[in-house]
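Below is one structure, written out as structure tokens; the observations come after it.
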Protein chains: 2
Amino acid sequence: MTPSTSRSPNGSRGDLFDPQCPTRRLLDRIGTKWTSMAVKVLAEASPDEVRFAELQRRMAGVSQKMLSVTLQGLTRDGLVDRRVEATVPPRVYYSLTPLGLTLDEPLAALREWAEQHMAEIDRANRRSDKRTSG
Amino acid sequence: MTPSTSRSPNGSRGDLFDPQCPTRRLLDRIGTKWTSMAVKVLAEASPDEVRFAELQRRMAGVSQKMLSVTLQGLTRDGLVDRRVEATVPPRVYYSLTPLGLTLDEPLAALREWAEQHMAEIDRANRRSDKRTSG
DNA sequence: CAGGATCCTGTATGATACTG
DNA sequence: CAGTATCATACAGGATCCTG
């Protein structure tokens, strides 16, 4: 990140062209591989339901490390709540905070767009492929 | 996300996380550094207005190479239209396709969320920092 | 069970130089 | 003007082993 070394000379409102702009930073977050999937899974679960291993099961393909890193990032951002039951062995429950729940709304819009239009994007890609290879 | 499809295009490698998931692929796209910014700039411009150099000016910090790569990706996906005027020197105009315009809607929702809630995320981060360093 | 520590790799990004 | 080609690099992501 941090494309430029100096601050934007104009405006400096939360503008997309400012390296510090909120949208840039939000996209950096949800653009990481597992973040949006975690948000979705947590949004669809009840707060007392999902522990670490269960989350890993529901997020097919995620490694232990990346699940940990993802959840730490979300927790740091105040989007996810981490609740530890001090038992042996320990149980750690993850859930969305109210803030995290509000993030799921625009993400859901994005998911919906993806499901509705990805086939069209695939067609466009195939057209481009034909042009290139043919 | 959409764990339904279990088809493997290559016939093997069953442990790959669903490569067909539309949301995953969409996020891979808009998660790249300059894509969403390009979409926003193009969404706010008129089709006959924006050429390569102008686009680079409006997207502060983008390199020639990455702007080219970004636009090629968007064009391949059918989200951006590339129109060449065969003059000397050439003029190349970029604009969103109708499909690209529809993508700007959920992206705008994301931008709005970012502007409304990024300050709260910053506060959450500072709280975590205090806990860690203190 | 729920992670932390380490090592390694692919790839997105960037700087620079060149071209039709 | 609108790109390509080449080289270099930082970092996200993953595999594996270790621990309270």
Side-chain angles (χ1 to χ4, degrees), chain A residues 1-6 19 24-25 27-38 41-42 48-76 80-95 132, chain B residues 13 15-19 21 24-38 41-42 48-77 80-95 132:
Chain A
M1 265 304 292
T2 54
S4 87
T5 51
S6 60
R24 170 78 266 126
R25 294 168 55 213
L27 284 167
D28 282 347
R29 265 246 171 278
I30 68 172
T32 64
K33 192 168 181 179
W34 302 103
T35 295
S36 61
M37 194 189 294
V41 169
L42 290 173
D48 287 358
E49 183 183 0
V50 190
R51 292 160 56 186
F52 190 90
E54 174 64 17
L55 213 41
Q56 192 175 12
R57 246 195 320 278
R58 297 193 191 187
M59 296 166 59
V62 69
S63 66
Q64 243 177 9
K65 170 191 165 180
M66 287 318 296
L67 180 55
S68 177
V69 168
T70 300
L71 291 172
Q72 281 171 16
L74 287 169
T75 303
R76 245 185 78 91
V80 158
D81 180 55
R82 183 177 183 274
R83 184 168 56 80
V84 182
E85 270 188 16
T87 58
V88 176
R91 298 179 178 184
V92 182
Y93 293 89
Y94 290 93
S95 58
T132 304
Chain B
R13 290 293 307 193
D15 65 323
L16 279 180
F17 44 89
D18 193 354
C21 168
R24 169 78 265 126
R25 294 168 56 214
L26 175 62
L27 283 167
D28 282 346
R29 263 240 173 282
I30 68 173
T32 64
K33 192 169 181 179
W34 303 104
T35 296
S36 61
M37 193 188 294
V41 169
L42 290 172
D48 287 359
E49 183 185 0
V50 190
R51 292 159 57 184
F52 190 90
E54 175 64 18
L55 212 42
Q56 191 174 14
R57 248 194 317 277
R58 298 192 191 188
M59 296 166 59
V62 68
S63 66
Q64 233 174 17
K65 172 188 166 182
M66 286 319 296
L67 179 56
S68 178
V69 168
T70 300
L71 291 172
Q72 282 171 14
L74 287 169
T75 304
R76 246 184 79 93
D77 285 347
V80 158
D81 180 57
R82 182 176 183 274
R83 185 168 55 81
V84 183
E85 271 188 15
T87 59
V88 177
R91 297 177 178 187
V92 182
Y93 293 89
Y94 290 94
S95 58
T132 304

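Lettering of chains follows the sequences in order, A, B, ..., and the numbering in each one begins at 1.
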- Task: Mind running a 4.0 Å heavy-atom check of residues 82-91 of chain B against DNA chain C and sending the residues that fall below it, in number order?
- Result: P90(B)
- Which part of the nucleic acid does Y93(A) contact within heavy-atom distance under 4.0 Å: base, sugar-phosphate only, or nothing? nothing
- Query: Is Q72(B) touching bases, backbone alone, or none of the nucleic acid, heavy atoms closer than 4.0 Å?
  - Reply: sugar-phosphate
- Task: Please name all residues satisfying salt bridge (Lys or Arg N to Asp or Glu O under 4.0 Å) with R91(A), sequence neighbours left out, ordered by chain then number.
- Result: none
- Message: Taking salt bridge (Lys or Arg N to Asp or Glu O under 4.0 Å) as the definition, give me every residue that meets it alongside E54(A), ordered by chain and number, with sequence neighbours left out.
- Response: R57(A), R58(A)
- Note on the structure: Looking only at dC1(C), dG14(D), dT4(D), the nucleotide nearest the Q64(B) side chain is dT4(D)
- Measure from the side-chain heavy atoms of F52(A) and tell me the nearest of dG3(C), dC7(D), dA15(D). dG3(C)
- Side-chain N,O (S63(A)) to OP1/OP2 (dG13(D)) below 4.0 Å: no
- Value in whole Å for how far the P atom of dA12(D) lies from CG of D28(B): 15 Å
- Set of side chain to side chain contact (heavy atoms under 4.5 Å, CB included) partners for V88(B), sequence neighbours left out: none
- List for me each residue that meets side chain to side chain contact (heavy atoms under 4.5 Å, CB included) alongside Q64(A), sequence neighbours excluded, and say none if there are none. F52(A), Q56(A)
- Message: Show me the pairs that pass side-chain hydrogen bond (donor to acceptor under 3.5 Å, both in side chains) and involve residues 81-90 of chain B, at least two apart or across chains.
- Response: D48(B)-R83(B), R82(B)-Y94(B)
